[in-house]
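Notes for the one structure printed next.
Scope of the values below: all heavy atoms of this structure, side chains included, with no hydrogens, waters or symmetry mates. Whatever order the structure lists ligands and atoms in, that order sets their numbers, starting from 1.
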Amino acid sequence: MPFRSLEETLADGTAAPRAMGEPDWAALRDRAYNLRWATVVRGVIPLTAADPDLPIASEIGAEIARYVATPHLSYGPAAGLPDFARAVATHFAHMKGASVDAARVTATNSAASALMLVARHVVMAGDEVVVQDPVDFLVGESVRRAGGSVRRWLPDADGPNAGRFTVAGLKAAVTDATRAIAVCHPHNPMGTLLSPDEVREIARFAAARRITVISDEVWSDVVLDGRPFESFAAHAGSREGLHAWVVYGLSKGYGLAGLRIGAVIAPDAAAAAAFRSAQGFDLTIEGAATISQVAATAALERAGAWREAFLLHAASQRDRAAARLSRLRGVRIARLPEATFVLFIDIRGTGFDEETIAQRLEVLAGVKVVPGSPRWFGSGAAGHMRLSLATTEGVLDEALSRIECAWEHVLAA
Ligand SMILES: Cc1ncc(COP(=O)(O)O)c(C=O)c1O
């Protein structure tokens, strides 16, 4: 294929946002696993796992260095460091419309782990949980691992309700066995965002039916175009009667995936304490690394400028990718993501399935994407592919040029 070599692009500089600086590509090849640079054949561009290529905020690195300069890395408190819990609570109050008591917060070893623990805590064997389809595999996996059964909410992947729950749909979906509704808010892979009104309506519905809401809000720091975000944590507790468990993490909004840092926000302080006791935090079986909490606290308190630049960059990457990909034969992009830095594109018009197109793109274009197969997103994702766009402008442009250049060969192969 007549595309430019990746080495040439990287050597020329790749138009990283000025506020973030150029990625260290050699370090990414060494460190970025989970389908990314360290795992692909040299020369292939991985637009795969949702983990930014961009360097983290300098404030975070400085805080890690400052902390380890004092050579003691002792056990932290079972709930996590008080500074971390306060930083999360303040962040939710300022950015997510939820006034959260820090006593509701438990530091966890990643959002993925938080999701598993919450499901294990809330879901009993045989309970039914309504889960969106498509949605990131971790949501359904958490229910299955807890012994629950997944009741799939499967609107048309391109219809107006794709990636969002509606009260009308939920009324039809819940049964007497429904213990919980699991929401991905904002939604991976669709990039949809429930409005504050929709959040309130769903919260009211669940409270009235005594159904627990498990809300995975790991993407809530990547809300684009200045849209408002409201957390389900705003509606939990005795006043509104909603049992809502919120899962949060800093992998997406601050690029801290390798630190494995997240949090659970329980409905109230007593529920948080019971959760920690039942799930092994009090016995040091569970818990988050103190160094990761220190880094996350610095991110939440001091990396605001980095995050602003990151959000502008994510919106601009979305626009350039959507404009170019939607011109390809057989590709449709029903609507632009309102949140996240992933783009979920409909390739049903090509006549090929998602695994075939993804494999051919890797071989013929040198670009690796995530196929919309059941193992990643559920059966509702069939005929789609997900591309992660959190790289530099130059690398994304090169990936798009390669896809454009190879597309007719991909369809002809
Ligand atoms: C919806 C959703 N939940 C959880 C996670 C996992 O986040 P973490 O890296 O904090 O485990 C991801 C990562 O892609 C995700 O998309």
Side-chain angles (χ1 to χ4, degrees), residues 31-36 46-53 56 60 80 84 88 91 105-119 129 131-145 150 153 162-165 181-194 213-223 229 231-232 245-265 286-289 292-293 295-296 299-300 314 337-344 369-370 372 375-378 380-381 384 386-390:
R31 299 181 184 177
Y33 281 81
N34 198 15
L35 305 178
R36 299 185 62 253
L47 302 182
T48 49
D51 179 10
D53 284 346
I56 59 168
I60 302 173
F84 172 79
V88 171
H91 187 61
V105 177
T106 301
T108 60
N109 170 27
S110 79
S113 160
L115 201 53
M116 301 298 144
L117 293 173
V118 166
V129 180
V131 172
Q132 294 158 301
D133 186 351
V135 76
D136 188 271
F137 75 97
L138 287 168
V139 181
E141 185 69 18
S142 67
V143 175
R144 281 185 286 271
R145 280 175 182 251
V150 169
W153 155 263
R164 58 196 335 123
F165 276 127
I181 300 165
V183 196
C184 188
H185 174 50
H187 188 275
N188 172 21
M190 310 286 305
T192 39
L193 178 65
L194 297 169
V213 170
I214 300 173
S215 182
D216 179 343
E217 300 182 5
V218 72
W219 281 100
S220 61
D221 289 328
V222 196
V223 173
F229 175 85
S231 169
F232 278 91
W245 291 82
V246 168
V247 163
Y248 174 63
L250 288 97
S251 296
K252 313 301 167 196
Y254 295 94
L256 301 185
L259 288 182
R260 313 306 294 131
I261 182 67
V264 167
I265 300 169
E286 286 296 339
S292 300
Q293 296 178 59
L300 296 175
E338 301 165 305
T340 77
F341 49 72
V342 296
L343 190 60
F344 194 57
V369 301
V370 182
R375 78 194 141 120
W376 297 122
F377 306 112
H384 291 73
R386 195 194 74 176
L387 292 80
S388 174
L389 310 176

Worksheet item: Would you call the rings of W153 and F165 parallel, tilted or perpendicular if under 30° counts as parallel and over 60° as perpendicular?
Response: tilted
Fill in: Ligand-residue contact atoms, ligand 1 with C184, heavy atoms, under 4.0 Å
1 (C)
Practice prompt. Kindly say whether L47 contributes a backbone atom to a donor-acceptor pair with the side chain of S388 at under 3.5 angstrom?
Written response: no
Worksheet item: So, H187 side chain and P134 main chain: donor-acceptor pair closer than 3.5 Å or not?
Response: yes
Fill in: Contact atoms of ligand 1, heavy-atom distance to L138 under 4.0 Å
4 (C), 5 (C), 6 (C)
Practice prompt. Starting from atom 10 (O) of ligand 1, locate the nearest protein heavy atom and write down its residue, its atom name and how far away it is, to 0.1 Å.
Written response: A111 N, 2.9 Å
Fill in: D133 side chain to G380 backbone, donor-acceptor under 3.5 Å
yes
Worksheet, complete the sentence: ligand 1 to S251, heavy atom cutoff 4.0 Å, flagged ligand atoms 8 (P), 9 (O), 10 (O)
Practice prompt. Work out whether the distance between some heavy atom of G262 and some atom of ligand 1 is less than 4.0 Å.
Written response: no
Worksheet item: V218 versus V247: any side-chain heavy-atom pair under 4.5 Å?
Response: no
Worksheet item: Applying a strict 4.0 Å limit to heavy atoms, is H187 in contact with ligand 1?
Response: no
Worksheet item: Got an N/O contact under 3.5 Å between A112 and ligand 1?
Response: yes
Worksheet item: Looking at side-chain heavy atoms only, is the closest gap between I265 and F232 below 4.5 Å?
Response: no
Worksheet item: Can you find a heavy atom in the side chain of L115 that is under 4.5 Å from one in the side chain of I214?
Response: yes
Fill in: Closest approach of any protein heavy atom to atom 16 (O) of ligand 1, naming residue and atom
N188 ND2, 2.7 Å
Worksheet item: Which of the atoms in ligand 1, numbered in the order shown and given with their element, are less than 4.0 Å from a heavy-atom of K252?
Response: 12 (C), 13 (C), 14 (O)
Worksheet item: Taking C-beta and beyond as the side chain, do W219 and V342 meet within less than 4.5 Å on heavy atoms?
Response: yes
Worksheet, complete the sentence: Under 4.0 Å from one or more heavy atoms of D216, ligand 1 contributes atoms 1 (C), 2 (C), 3 (N), 4 (C)
Worksheet item: D136 heavy atoms, cut-off 4.0 Å: which ligand 1 atoms fall inside?
Response: 1 (C), 15 (C), 16 (O)
